[in-house]
Amino acid sequence: MQYQPSEIESKWQKRWAEERVAEIDVTAEGQKLYMLNMFPYPSGDLHVGHGRNYILGDAVYRYFRMQGRVALNPMGWDAFGLPAENAAIRRGTHPREWTLGNIERMKKQFARWGILYDWSKEIASCDPDYYRWNQWLFLQLYKRGLAYRGTAPVNWCPQDLTVLANEQVVDGRCERCGALVEQRELSQWFLKITEYADRLDAGLDTLEAWPEKVRLMQRNWIGRSIGADIEFPVPVLGRSIRIFTTRPDTVFGATFMVLAPEHPEVATLIEAAEDREEIEAWITNVRNQSALERQEKGKEGRFTGRTAVNPFTGEEIPIWLGNFVLPQYGTGAIMSVPAHDQRDFEFAKQFGLPIRVVVAPNQNEIPDASGLTEAFTFKDESGIAVNSPPIDGLPVPEAIETIIGVIEERGLGKGMVRYRLRDWLISRQRYWGTPIPMIYCEACGLVPVPEEQLPVTLPLDVPFTGREGNPLAKHSEFVNVACPACGAAARRETDTMDTFVDSSWYYLRFVTPRDTNQIFDSTIVNRWLPVDQYIGGIEHAILHLLYARFITRALYDMGLVAFEEPFASLFNQGMITKEGYRDPSEHMAWVGLNEVEWRDGKPYRGATELVAEVGKMSKSRFNVVPPDELIAKYGADTERVYTLFIAPPEKEAAWSDEGVIGAYRFLGRVWSMGVTILEAIQNQRSGEVRPVVTRKLHQTIDAVTGRVERFEFNTAISALMELSNTIGDALSSGGGAELREPYETLLKMLHPLAPHVTEELWSMFGNEALILTSGWPVADPELMKEDSVVIAVQVNGKLRGQVEVAAPPQEQQVMDAVFANEKIQQWVEGKEIVKKIYVPGKLVSLVVKDRK
RNA sequence: GCGAAAGUGGCGGAAUUGGCAGACGCGCUGGACUUAGGAUCCAGUGGCCCAAAGCCGUGUGGGUUCGAGUCCCACCUUUCGCACCA
């Protein structure tokens, strides 16, 4: 009887679906476990790279179930977003149809992988029953001043025709399509994530079960800086300009001031300048540049013709405008200390501005400012303040502390903590998203849609032209509305929300997904959350994970949840890469694309970038491996085992079509071994129970349990292969029915990895379904022990032989054996042992010297 | 530039607290069974060497130690993240 995966797999998949084995009652008793894979964007077909994520989650889920946990493992769809709209423009299908069709295909794919989700909890963010609560959440944030409309320079993607959040701009390009992002001054909706900057930063310390890398990335993104705000009086204005610095200890070296071209005082300052028009033209030019261009231009600046007073030295210092000063950070104004800041140094050199040294390695070794070739940027005790009367001689950290005291005492400013994080821009000028529930009334101004009128439903009959401007704005029935406050004719907001709003709270909805009265049931949510194990890609290290942490805190402050961190433990699986790309015509048929730009016979991504020939498996790289063929040939269990065996799951892994065969052979061997043992049972053929097998079995249970819990699936599988080899050896050398117990235990441990074939074999042995009945095996430490131990003996660091003694080894026995061994004897003969190092069970080291 | 992680056979990768480097698998070589083999099974597989003995081997150079892939110092390379954040 040969191993035939396809029949077995469809049989069990059908049974799991019919018996709804993964459905749970959230009010049931038991030790809960909330397992969650980041819900996907329904882009259509899934390839083996996606599979890694879900297969990993399923293996962990099945393991915890076997451990007896009441486990919630839901799945849903991050179903709003641009690709659906682009598909609509390209081929005339409605985004909804396109999305729902993709969801169906992906659900089938999950089933074919043998992944168990509780589909009774399924949610899709494009469903009005879901986005209604998205709108409700927005209104609560608005009430608390956490959602506001503001005008700011924002990132505009000219390809996707919408604004983007800062988090969605990568290297000056749109995260989705790769187009260069432009700056535009627009009035938009923001969420006030900055109000939570300190708590989001502090909370990172509590996330011990998160990868250090993600915590660090979030910390850098939030960018907490400690320093001081200092007022610099400007005589011509009759008021002062406030600057922020992290190095208030260098204030005596501030020889000029630089403002961002966007700074509000600029217009007044340059009013009387002779070259005002030239300066204004320059400012316009700088403001229209993207952040990337602005940086590539190098340092540019203009003198305003005005001065400010350094409050510590009393000197008048020139006020400059500089393209390197960011309007959004700090106060948009800096004091420039060229001697101790590289950027200031470059600016000073370029425009011939004075440089003064105020920090030195020590009091007697003050470098000459004119000889400097770069800024001196000591931040620790290796720098000493000089030429700075109240703090002379103090090391930098103390100098900072002291000078802040002086600043506050003299009323010149105050100690200050500032963040790099900026508010979250959530407006999108696109159709396929949650409508922002606001109304513009000429008389009443901004009026929120009353909660009882939610949801504001997305109309389905809108034209998709692909031209600039939201299709929603052209739908007059949607736009024209009576003001809820005064009843007069008013206009609806036509912007929709960033889809990251949808995904910032979906994990809360999964627990009570059909509740029509409230966003979620707080009591049940507080029982199930935080999520015990969250699994997803590192690409959300900042975006989704930061937003979710922010929204959870906002909900905490509203009293709706009792926790501030939504995800207790996080795991980032690595990407699957693949060399080369497939035959493009074959690929396009699979992807369903018909518009691709070609250059030099190679496909291009978007209109901007060359397709990489090796890298992340993605449609735009033409290198995907679709699972269908693979599953037809080897079965889903083989794909699962190979995917988990390929590399440690957190690491990037290169897909190898040849490597798959190893997993297939392994499962084939397990299968035929099972068949042979069954025959032995039927023929009542049995050998004696071998200690080698028992020992290997218990050692394997011990190893696999620990490795699965640490997500070390690659080595867990290798341990199972070793056990399988041991059982196979016993079988081919006269073993029989006595191997049933170790073999069945192997099946149990293999089940989370290869669920179909193990269920089939398990039932062939006359057992009830594994997933429903079995417990996880427990290792017996007594049976793990070896009867004897081989110990390596080193003499003066060289390996000179081995001795075998009974386990557990006793030092005296070991030494006796060492001296009884002729081979070792020759190295010790005539010498004196000056030291013995004895490592129980591992080795003995002897240090010898010539006897005198 | 700043920050982080990582360098082990032809390849993916193993190796608690320093303790027989290369587990497990792919590939390769040879063999068995076959009309056939891109199926299956068996054996071998870090290098030098016909072989054994032996020697050399974890990016490079030092160091600590009876003993270093593992610890320390310096350097090289790669990957990732941030990137004028004052």
Side-chain angles (χ1 to χ4, degrees), chain A residues 2 170-172 211-214 216-225 227 243-248 250 254 258 260 291-292 294-299 322-326 328-337 340-344 346-347 374 377 418-422 538 541-542 574 641-642 645-648 650-666 668-669 672 706 712 714-725 728 732 790-799 801-802 833-848:
Chain A
Q2 273 293 311
V170 178
D171 293 336
E212 190 52 45
K213 182 178 181 179
V214 174
L216 192 69
M217 281 169 71
Q218 290 215 359
R219 211 181 284 288
N220 291 340
W221 188 262
I222 296 167
R224 185 172 196 267
S225 291
I243 61 96
F244 173 68
T245 178
T246 55
R247 293 293 304 275
T250 62
V258 189
L292 200 70
R294 205 158 152 169
Q295 192 173 339
E296 278 167 358
K297 292 265 178 189
K299 299 228 164 11
N323 67 343
F324 71 102
V325 179
L326 304 173
Q328 312 92 324
Y329 184 76
T331 61
I334 61 166
M335 65 173 200
S336 263
V337 185
H340 307 294
D341 182 287
Q342 189 57 27
R343 294 153 302 179
D344 296 347
E346 285 165 23
F347 197 81
E374 59 176 3
T377 52
R418 289 194 181 265
Y419 299 89
R420 182 184 171 280
L421 186 68
R422 279 170 243 155
I538 188 82
I542 292 174
V641 170
Y642 174 65
F645 183 61
I646 185 170
E650 70 280 7
K651 271 194 71 172
E652 193 175 90
W655 185 268
S656 139
D657 292 326
E658 300 84 57
V660 175
I661 195 79
Y664 182 66
R665 282 183 194 145
F666 168 55
R669 275 196 297 271
S672 50
E712 293 165 5
N714 56 328
T715 53
I717 292 171
S718 76
L720 291 172
M721 285 172 166
E722 285 183 54
L723 175 61
S724 148
N725 290 344
S732 60
V790 176
I791 293 183
V793 182
Q794 286 184 352
V795 180
N796 279 352
K798 298 272 184 204
L799 189 69
Q802 299 180 333
I833 295 180
V834 293
K835 205 168 162 190
K836 316 182 268 211
I837 296 107
Y838 174 65
V839 183
K842 300 233 169 124
L843 64 76
V844 164
S845 270
L846 304 174
V847 183
V848 300

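All heavy atoms count here, side chains included; hydrogens, waters and symmetry mates do not. Reminder, nothing fancy here: chain letters follow the sequence lines and each chain counts from 1.
A donor-acceptor pair under 3.5 Å links the side-chain atoms of Y642(A) to the main chain of S656(A), judged by distance alone. Side-chain atoms of Q218(A) come within 3.5 Å of backbone atoms of A541(A) as a donor-acceptor pair (strictly under, hydrogens ignored).
Using a 4.0 Å heavy-atom cutoff across all strands shown, R418(A) reaches no nucleic acid atom at all. At the heavy-atom level, I717(A) lies nowhere under 4.0 Å from the strands shown. In this structure, Q342(A) reaches neither bases nor backbone, as no heavy-atom distance under 4.0 Å exists between it and the strands shown. The residue D344(A) sits apart from the nucleic acid: no heavy atom pair falls under 4.0 Å.
Using cut-offs of 30° and 60° on the angle between ring planes, the pair F324(A) and F347(A) is tilted.
The side chain of N714(A) contributes no N or O atom lying less than 4.0 Å from OP1 or OP2 of G25(B).
If you take CZ of R224(A) and C1' of A86(B), they are 17 Å apart, rounded to a whole angstrom. Following rounding to the nearest Å, E346(A) (CD) and A86(B) (P) show an atom-to-atom distance of 16 Å.
With a cut-off of 3.5 Å on both Watson-Crick or G-U wobble distances, the partner of G3(B) is given as C80(B). Across all strands shown, A39(B) remains unpaired; no Watson-Crick or G-U wobble contact has both distances below 3.5 Å.
Taking only distance into account, the side chain of K299(A) meets the base of C84(B) through a donor-acceptor pair shorter than 3.5 Å.
The nearest heavy atom of RNA chain B to S656(A) and to R422(A) marks one nucleotide each, and the one closer to the 5' end goes with S656(A).
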